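By convention in this document, chain letters (A, B, ...) are assigned in the order of the sequence lines, proteins followed by strands, and residues within each chain are numbered from 1. Everything numeric in this text was worked out from a predicted model, so none of it was measured.
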Amino acid sequence: MNYWLMKSEPEAFSIEALQAMPAQTEHWDGVRNYQARNMMRDDMRVGDLVFFYHSNCPEPGIVGIMQVVREGYPDFTAFDPQSKYFDPKSDPAKPRWIMVDIKFVRTLKRLISLSELKQYDELQGMQLLRKGNRLSITPVTEEQWEFILSRE
DNA sequence: GCCAACGTTGGC
DNA sequence: GCCAACGTTGGC
């Protein structure tokens, strides 16, 4: 069982939007970074728990929890010229990009902001907090996961 | 294979 | 809107 953190701009896709989906489940499309793709492809398993992080918004931070319900499969938005995630170099016969399906578990009782996360010694070394980190998917250790939930 | 130019992310 | 950090592209 692994733990993760996945970022989304709430204007594009928020935890409220996930909660409103049929079966409260959605595919996590549009990841166009190889490191993040490799994590989805190689390491993410059904049952893994994921923090939902709102990025690029007035108060960035962790807003809820979701769960992986389908393991990596081709990101079909890469094949759709109408999609903003279209990638002409992704060949349907040899897909370049991968997505997983994610199900809403719950919102946190309160938002745990990025600025708060940065203040905890216990979270030193958390990949999200590394200088210059731009990865939209990062692993979270069990210790970090438990600690963050204990601050809720 | 190097690296300059360019594009994107995302906090502030 | 700014800009630091970083990834990708493409000429050589």
Using OP1 and OP2 only, check whether a side-chain N or O of A:Lys131 sits under 4.0 Å from B:dG11.
no
Checking A:Gln144 now: which residues fulfil side-chain contact (heavy atoms from CB on, under 4.5 Å) with it, not counting sequence neighbours?
A:Leu123, A:Met126, A:Val140, A:Thr141
Strictly under 6.0 Å, is that where the ring centroids of A:Trp28 and A:Phe52 end up?
yes
Restricting to pairs with a member in residues 121-152 of chain A, which pass ring-ring contact (aromatic ring centres under 6.0 Å, His included), not counting sequence neighbours?
A:Tyr3-A:Trp145, A:Phe51-A:Trp145, A:Tyr120-A:Phe147
Checking the side chain of A:Ser90 only, and the main-chain atoms of A:Arg96 only, is there a donor and an acceptor separated by less than 3.5 Å?
yes
Can you measure A:Arg130 atom CZ to B:dG10 atom C1' for me and round it to whole angstrom units?
18 Å
Atom CG of A:Leu135 to atom P of B:dG10: distance rounded to whole Å?
9 Å
For A:Gly47, is there any backbone N or O sitting under 3.5 Å from a side-chain donor or acceptor partner on A:Gln67?
yes
Can you list, by residue number, the residues of residues 107-123 of chain A that have a non-hydrogen atom closer than 4.0 angstrom to DNA chain B?
A:Leu114, A:Lys118
From CZ of A:Phe13 across to P of B:dT9 the rounded distance in Å is 17 Å
Examine B:dT9: is either OP1 or OP2 under 4.0 Å from a nitrogen or oxygen in the side chain of A:Lys7? Give yes or no.
no
Which Ile, Leu, Val, Met, Phe, Trp or Tyr residues join A:Trp97 in one cluster when any pair of side-chain heavy atoms under 4.5 Å counts as a link?
A:Tyr34
A:Ser113: side-chain contact (heavy atoms from CB on, under 4.5 Å) partners, not counting sequence neighbours
A:Glu59, A:Leu111, A:Ser115, A:Glu116
Give the residues of residues 55-64 of chain A touching DNA chain B, defined as any heavy atom closer than 4.0 Å, sorted by residue number.
A:Ser55, A:Asn56, A:Pro60
Between A:Tyr53 and B:dG11, does any side-chain N or O lie under 4.0 Å from OP1 or OP2?
yes
Between A:Ser8 and A:Pro10, is there a donor-acceptor pair closer than 3.5 Å when you use the side chain of the first and the backbone of the second?
no
Not counting sequence neighbours, which residues clear side-chain contact (heavy atoms from CB on, under 4.5 Å) with A:Ser55? List them please.
A:Lys7, A:Glu9, A:Tyr53
Between residues 74-87 of chain A and DNA chain B, which residues have a heavy-atom gap below 4.0 Å?
none
A:Arg32: salt bridge (Lys or Arg N to Asp or Glu O under 4.0 Å) partners, not counting sequence neighbours
A:Asp75
Mind listing the N/O atom pairs, protein and nucleotides 1-8 of chain B, below 3.5 Å?
residue: B:dT8; atom: O2; partner: A:Arg134; partner atom: NH1; Å: 2.4

For A:Arg106, check side-chain contact (heavy atoms from CB on, under 4.5 Å) against everything at least two apart and list the hits.
A:Ile65, A:Leu108, A:Leu149, A:Glu152
So, A:Asn38 side chain and A:Gln35 main chain: donor-acceptor pair closer than 3.5 Å or not?
no
Listed partners of A:Arg70 passing salt bridge (Lys or Arg N to Asp or Glu O under 4.0 Å), at least two apart
none
Within the 4.0 Å heavy-atom criterion, would you say A:Gln35 contacts the bases, only the backbone, or no part of the nucleic acid?
sugar-phosphate
Whole angstrom is fine here: how far is it from CG in A:Asn33 over to C1' in B:dG10?
14 Å
